[in-house]
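What you see is a predicted model, and the numbers here were worked out from it, not measured in a lab. These numbers come from the heavy atoms of this one structure, side chains and all, not from hydrogens, waters or symmetry mates. Quick note on labels: first sequence line is chain A, next is B, and so on, each numbered from 1.
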Amino acid sequence: MCGICAVMLENCKEHFPIGSLLYKMMESQQIRAQDSTGVAIFNKETNKEFYKIDYYRKINGVYCSFTEKVSRERLASSMNQLNKDPDIILASFAKEMNLLKDVGLVRDLELKYKIKSVLGTHGIGHLRIATSSRVNPYNAHPFSTTAYPDMAVVHNGEITNYSRLRSSLELKGYRFFSRCDSEVIAVFIADQILRHGNIEKANYEFINKADGPFTYIVATPDSLALVRDKNGARKGIFGYNPGNKGYPAFWAIATDLSALDSVGATHYIETPEPGKPKIFYNQIKISSICN
Amino acid sequence: MIRRAVLELAKTGIPRSASMDDNIRKTRDLNPRAINLWDYVTLIGAQLSRPAYDPYRETINLDISIGIGKSRKIVLNIPLIIYGNIGMDSYSLDSLHLALNRLAEGGQIVGLILDREINTKKDKRKYPLFKKISSISENQTSDLLGEHNDTCADGLVFEYKDDSSVDILRDLRERFDGPILVDVSNVFPSFNSILDLKTDGILVDTEKITKNSRYNGKHAIKVICDARNALNGYYKGKEESSDNAILVIAGDVNSTGKIAKAAALGADIIGYSTSILIANSHIYSEKPYDVISIAENVYRHMIGTKEELRGIPAALGYSDFHNISPSDLRTSSIDASLQGNIPLEGIDKTYLDTIGGIIDEFISNKELNMTCSEVRDALKSMGGE
Amino acid sequence: MPYSKDVLDLKRHILKAAETSRSYFDLNKLIVDVRKVNDSEVPYSGLGARSPNDYFPSIKIIGSEIKPKENDVSYNEIDTTFRLGGRYSSNVISTNVPFFVSGMSYGSLKLPAKIALHLALNKLAKEGINMIMNTGEGGALPWELYGSEESCSNISKKRHESILDYAVRLLKEHNLESIDRDLLFSRFYPLVTQYASGRFWKDPSYLLNADAIEIKIGQGAKIGHGGLLPGPKVTDLVAENRGIPSYKAAHSPSRHLDILGPEDLVAKILELREITDWKSPIIVKVGCSHVYDDIEIILKSYADAASIDGFVGGTGAAPWELRDIIGINTVPSLIPSRKAIEDYYSITARDEFKLIVHGSVWDSERIAKCIALGANGVGIGTGFLLSMGCTLVQDCYTNVCPAGLTGSYEKLDIEQSVTGIVNYVKGTLSELKNIAGSLGRKSINDLRKDDLVATDELSSMLCGLLLEDGVTFKDLVKEKVKKAIDSRDRRINERLENK
């Protein structure tokens with residue numbers, strides 16, 4: 001693991017090429033981690049009609065990528081099939097989220113997917129240097145899960161009791177697609193959300209149960225959460241850019257200060273207390289609650 | 001031998017005529033039983049791919065709670081319960097009591113399993129006592145439930161003998177609200193029916209079990225592995241809760257290294273006998289019956305043990321002792337790999353998985369023609385079952 | 001260990017109690033329990049763990065001899081070069097000795113032992129045998145860093161004076177004032193300084209005057225545990241060199257506080273490269289545990305070499321139980337390490353990355369086996385102690401040592417030790433050349449896995465070696481499987497017949 005970053009517009013009524021901000025932050029850290037990159041960008045204005053499932057399927061020993069568009073009605077049966085198929089590895093399960101990841105550098109990702117021009121209200125990014133699972137596209141972050149759509153996790157650190165957490169989630173019936181410990185965060189949080197819907201509580205539960213030094217960002221259409229383990233062994237900071245004529249105000253999260261510098265998010269720089277998640281809510285959701 | 005090899009060179013600088021490894025090879029025929037299989041098992045530590053914790057500067061948790069569902073909970077600060085099939089005189093017992101009290105006062109609660117009452121008239125017991133019973137009479141029951149005195153036990157260890165023990169256990173469960181640990185050594189490894197009765201924990205004495213016919217010649221490693229598999233098998237598919245019965249392992253687990261390895265294999269708590277030995281050693285000392293100084297000995301030993309126990313998960317990359325898992329174990333012995341399903345060092349696969357992989361290769365290359373059941377049987381026979 | 005009478009009595013009493021109990025007690029580590037009873041502290045031990053199976057005796061080098069056969073020509077021309085650096089560093093250390101002195105710090109080793117090593121290596125270098133030495137984590141001694149006029153030219157007069165003053169105090173304390181200063185204040189061998197988590201140095205020359213830097217993530221003897229020097233060994237002079245308070249136990253952090261993961265290692269190495277102007281080779285040392293993953297990370301982190309240390313590797317002081325139970329053996333670590341490197345080269349061009357191995361290697365055959373299994377170089381610690389007279393008492397964490405190495409320094413005869421080291425190195429080098437020569441190789445680096453054979457199933461399986469009768473491990477499995485099927489068929493037939 002390596003470099004995590006995230007951006008959220010202060011006013012989520014606007015849409016902005018979030019991808020370009022993430023690109024800048026990731027490029028500034030690229031030298032430290034060059035195995036793979038990935039971003040997940042949220043845009044409420046993307047299709048509301050169907051779910052998009054990106055996955056890899058093993059054909060003649062090689063994994064090839066596929067995309068399926070599934071309507072709400074067919075969702076349950078499609079998911080069921082996917083979860084049972086041993087030759088499939090999930091890349092993304094989304095409706096409002098655009099999750100793009102691959103091996104290589106961030107500029108390779110830009111060449112392939114034009115991430116700089118992807119519009120959205122908020123997004124997360126990741127640069128990977130493999131620690132314990134192999135380098136391939138499906139071990140790249142962000143991680144998504146079939147348990148819950150539009151959830152993406154980027155992670156820096158190790159979840160040392162990963163196998164224990166994974167087996168207890170597998171006993172409940174959840175499917176894992178990689179051997180990367182970061183995936184367990186996505187599945188765990190998804191399981192918690194399904195139980196009680198509260199993202200803050202979900203993160204606290206994970207902090208209590210997980211062991212090891214970690215910092216992660218979990219993103220949903222309505223929130224971004226920056227979480228550090230209870231000992232605060234790994235870094236994670238956020239800052240604010242008040243905006244200008246060319247661009248709106250936004251919050252940025254990163255592992256390193258230099259990444260915040262690269263996008264001018266140098267106001268109100270803070271680091272969350274270890275073991276206490278810092279959550280940014282999508283303003284649209286909050287205002288709709290108030291209404 | 002090693003010294004001689006280098007000294008010879010250091011004196012003369014002239015190349016030797018034989019390497020020391022040739023000599024080691026010649027004397028290799030050690031009696032395999034003389035070496036404990038535990039010595040061939042190690043844990044893999046945290047370096048780069050996973051960073052270590054620092055036990056001197058960071059909090060490492062050893063706490064564990066005993067008691068499921070509605071049972072009254074007992075929390076141990078060190079995952080040890082003093083246990084032993086060893087006789088103790090009243091001086092040993094008193095010194096144990098003093099030491100454990102002192103530990104408890106300092107926030108280092110360790111449990112004690114005893115088959116008799118403990119005299120706490122002088123100072124109240126601050127550590128949890130598990131009373132060991134195999135059958136009970138009416139009088140004993142009310143004593144145990146101790147509404148009228150404070151010698152009652154905090155928990156029970158019930159020695160399950162055979163089918164006739166079911167009713168006693170059921171009765172105990174209804175009337176006793178503290179944790180009940182059941183010693184299943186006589187019926188090991190089948191104890192599902194015992195778990196059905198909502199027991200709070202299973203106690204497995206590897207020393208007893210390796211003496212009986214089924215596990216004769218096997219090592220504690222196999223017993224612990226089977227115990228954990230049986231427990232996990234019982235809970236598979238059931239709703240996950242942190243309220244699963246705990247596994248207490250006793251027997252050949254009386255040093256810190258073995259405690260850590262047993263924990264990795266699946267033990268939650270260790271039934272620890274060394275403290276009893278220390279207490280008993282007073283008979284041979286120059287000042288026997290000096291309860292205070294024996295208690296000091298037991299106390300100091302436990303403090304040292306606790307510090308050792310804190311260092312181990314930290315060196316493996318965990319901040320909690322109970323996160324140590326089988327994936328942290330490696331072995332340099334085929335026998336240990338078979339008995340404990342432990343991956344071999346270097347290749348990180350168990351012996352059976354390695355052989356299985358090779359057999360699969362042979363079958364797909366058509367070098368061997370075997371059915372699934374033949375493969376299973378072959379693996380079973382090579383596994384020495 | 002000169003245990004007190006009380007401690008020994010206690011051991012006897014507990015032993016008796018164990019013997020009279022009807023229970024089984026494994027009494028091999030009884031002394032550990034006794035020590036805990038004595039002082040409630042975690043007991044330390046010195047040197048390395050005893051592994052019941054360290055694989056070396058189960059592997060043979062086929063057809064080799066460590067002494068040349070009578071009619072064979074002398075093998076003096078056999079190449080034994082080891083090159084360190086060049087992958088990212090502009091400097092390359094080229095030495096004709098593929099083994100070196102592992103890090104043993106001043107503090108865990110007393111001054112006379114360190115001086116003996118220094119003088120011996122100087123002597124060898126003058127004879128054309130330039131062996132690398134590692135400072136260990138306790139900082140470097142003045143003559144190691146300032147052993148040349150050039151190294152002194154960059155510092156101020158005041159600084160120079162204080163260095164000399166410290167050196168004089170060091171020699172005075174150990175009654176070594178009569179040593180020839182010119183002989184002492186020169187260094188002709190390559191020096192690797194160790195960058196450990198304790199950061200025990202104050203002088204930038206520690207990094208700038210070194211020929212290479214080794215970032216120590218961990219060592220085999222105490223994987224996951226930081227460096228350790230017990231309080232009584234932190235004398236005033238040791239403390240001064242390290243920049244710490246005297247007589248307080250020095251517990252280095254278990255991890256570098258600024259290296260928590262691979263990207264931090266990358267940042268650290270790039271920082272060191274900037275400081276050294278990209279000149280010095282950088283090695284990263286880890287204890288053997290998750291070896292494949294660790295080497296993979298090191299390969300991607302701009303290092304020039306990786307160093308792995310088996311759990312049987314020695315140390316001056318480590319918590320006893322921790323030393324004995326954490327880590328894996330040296331030989332089975334070599335295989336995944338080499339595989340990690342080869343897997344890396346399957347997608348990148350081959351380069352000058354080197355693999356160094358430590359842990360229970362102290363004679364030429366073991367060195368040769370390591371090289372054949374994939375190492376480029378070997379670190380030796382205990383071997384050098386033995387050549388200086390070590391008697392393996394394993395009390396290195398105390399101030400008492402019968403050989404005068406890690407304690408009782410007045411016992412050490414420096415001249416004799418220098419002779420011992422020189423003979424050991426020359427003899428081992430000769431033996432190495434003889435091994436390669438008797439196999440018909442021109443270079444020690446041409447030793448291959450094919451030159452090795454396993455004498456038991458386990459070594460064959462873990463190292464991918466043939467067994468002695470030319471059988472592969474897979475063949476063995478096939479045989480076993482066939483036998484298992486045959487015996488099952490026989491049992492079925494017997495049952496049918498009985499019916």
J.: Under a 3.5 Å cutoff, is there a donor and acceptor pairing between the side chains of B/N85 and C/S23?
T.: no
J.: Looking at side-chain heavy atoms only, is the closest gap between B/N36 and C/N28 below 4.5 Å?
T.: no
J.: Side chain, backbone, both or neither: which part of C/N434 has a heavy atom under 4.5 Å from chain B?
T.: side chain
J.: Regarding B/D21 and C/K369, does a basic nitrogen lie under 4.0 Å from an acidic carboxylate oxygen?
T.: yes
J.: Quick one: do the C/Y24 and B/T210 side chains pair a donor with an acceptor below 3.5 Å?
T.: no
J.: Regarding B/R300 and C/E41, does a basic nitrogen lie under 4.0 Å from an acidic carboxylate oxygen?
T.: no
J.: If we only count heavy atoms from C-beta on, is the B/E308 to C/K36 side-chain gap below 4.5 Å?
T.: yes
J.: Looking only at heavy atoms, which two atoms of C/V42 and B/G304 are closest? And how far apart?
T.: CG2-O, 4.0 Å
J.: What residues of residues 330-339 of chain C make heavy-atom contacts with chain B at a cutoff under 4.5 angstrom?
T.: C/P332, C/P336
J.: Looking at B/I312, B/D39, B/V41, which one forms a side-chain contact (heavy atoms from CB on, under 4.5 Å) with C/I325?
T.: B/I312
J.: Select one option (side chain, backbone, both, neither) describing which atoms of C/S417 are under 4.5 Å from chain B's heavy atoms.
T.: neither
J.: Establish, yes or no, whether a centroid distance under 6.0 Å links the rings of C/H225 and B/Y53.
T.: no
J.: In terms of heavy-atom proximity below 4.5 Å to chain C, should B/S255 be classed as side chain, backbone, both, or neither?
T.: both
